[in-house]
S.K.: 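Starting off with a structure, shown below.
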Amino acid sequence: MGKYEQLFGKGEPASYFTDPEFQNILSSFIFGEVFFQGKLDDKIRELITIVVLTTNQTLPQLKAHVNAALNIGLTPVEIKEAVYQCAPYIGFPKTFNAINEVNEVFKAHNIALPIDSQKTVDEGYRLSKGLAIQIEIFGDVITKMRYPQSTALEGVSRGEPLL
C-alpha cells in the first residue's frame, strides 16, 4: 500500500481528474520523497502538517489531513491540542477557522463534540504556581520585581495627587 492510500484511503483525489500531471508531481514528492525522509513517524508528520495548514489557513487541505490523521491512529484529542497550540502564534480567529474545519471532519466520523476537556490549569492557582516556578528559576529577585519597596508613584495608586 502506498503512503497516499494509507493516509487518504483508496481512490483518486479530485485533482487527479482535472490536473493529473500536477497531482502526480505532488504525490511523488510529498508522499514519496518527503514522507520517507528522516525518522519521524507518520503521526508526528501529520501533526506537523496539521499545524502548518492551520497556520497557512489552507483549510480544504487541513480537512483532508485531519481525515488522514484519524486514518493513521491519531486521536481527536491529539489533533485538537496541535491546533490549540497555534493560537498564541497565529491568533484566535485563525485558530477558530481551523477548529471549525476539524470539527466538520470529526462530525463526519461521528466523533462526539465537544471532546473531553484536557485542561490542566486552574485559574484559582495559576498565579501562585507560576510565581513559585519563577522564584525557583530566578530566585527571590522575582518577588522584589513584583513588589517594589517604594516608588514615586506609590501614592498615586491610592488616589493621592502626584506632586
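Everything quoted here is computed from the prediction, not taken from an experiment.
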S.K.: Would you say L62 and V77 are hydrophobically clustered, going by side-chain heavy atoms of ILVMFWY under 4.5 Å?
M.R.: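 Looking at the clustering, V77 is in the same group as L62.
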S.K.: Any side-chain heavy atom of K107 sitting closer than 4.5 Å to one from L113?
M.R.: yes
S.K.: Cluster question for you: counting only ILVMFWY and a side-chain heavy-atom cut-off of under 4.5 Å, with indirect links fine, are I137 and M145 together?
M.R.: yes
S.K.: Quick one: CG on L47 to CD on Q85, what's the gap to the nearest 0.5 Å?
M.R.: 11.0 Å
S.K.: Let me confirm one number: the CD-CD distance from E78 to E46, rounded to the nearest 0.5 Å.
M.R.: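 Going from CD on E78 over to CD on E46, the span is 12.5 Å.
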S.K.: Under the rule for ring-ring contact (aromatic ring centres under 6.0 Å, His included), what residues qualify as partners of F106, not counting sequence neighbours?
M.R.: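 Not a single residue meets the ring-ring contact (aromatic ring centres under 6.0 Å, His included) criterion with F106.
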S.K.: Would V51 and L74 show up in the same hydrophobic cluster when neighbours are defined by side-chain heavy atoms closer than 4.5 Å?
M.R.: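 Different clusters.
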S.K.: Rounded to the nearest 0.5 Å, what separation is found between the CG atom of N100 and the OG1 atom of T95?
M.R.: 11.0 Å
S.K.: I need the minimum non-hydrogen distance between F8 and A68, along with the two atoms involved.
M.R.: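 Closest approach of F8 to A68: CE2-CB, 3.7 Å.
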S.K.: Give the intermediate values and the outcome of salt bridge (charged side-chain N to carboxylate O under 4.0 Å, His left out) for residues E123 and R126.
M.R.: CA-CA 5 Å; E123 294 303 322; R126 177 192 290 268; 2.8 Å; yes
S.K.: Of all the heavy-atom pairs spanning T18 and P20, show the shortest one and how long it is.
M.R.: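 Smallest interatomic distance, heavy atoms only, reads C-CD, 3.6 Å.
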S.K.: Where do V52 and Q61 land on the side-chain contact (heavy atoms from CB on, under 4.5 Å) test, with the steps shown first?
M.R.: CA-CA 10 Å; V52 170; Q61 290 76 19; over 6 Å; no
S.K.: Tell me, do N67 and H109 make a side-chain contact under 4.5 Å, heavy atoms counted?
M.R.: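 They are in side-chain contact.
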S.K.: Quick check for you: to the nearest 0.5 Å, what is the distance between I99 atom CD1 and F92 atom CZ?
M.R.: 9.0 Å
S.K.: Is V105 reachable from F96 through a run of hydrophobic residues whose side-chain heavy atoms are each under 4.5 Å from the next?
M.R.: yes
S.K.: Which atom pair, heavy atoms only, marks the closest approach of L59 to A98?
M.R.: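 Reported closest heavy-atom pair: CD2-CA, 4.1 Å.
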S.K.: Does D116 offer a backbone N or O that forms a donor-acceptor pair with the side chain of Q118 under 3.5 Å?
M.R.: yes
S.K.: Quick one: pull up CG in L40 and CZ in R45 and give me the separation to the nearest 0.5 Å.
M.R.: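 Separation between the atoms: 5.0 Å.
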S.K.: Kindly compute the distance separating CD1 (I48) from NE2 (H65), expressed to the nearest 0.5 Å.
M.R.: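 I48 atom CD1 to H65 atom NE2 measures 12.5 Å (nearest 0.5 Å).
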S.K.: Taking L53 as the starting point, is it possible to reach L70 by hopping between hydrophobic residues whose side chains are less than 4.5 Å apart?
M.R.: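 Same hydrophobic cluster.
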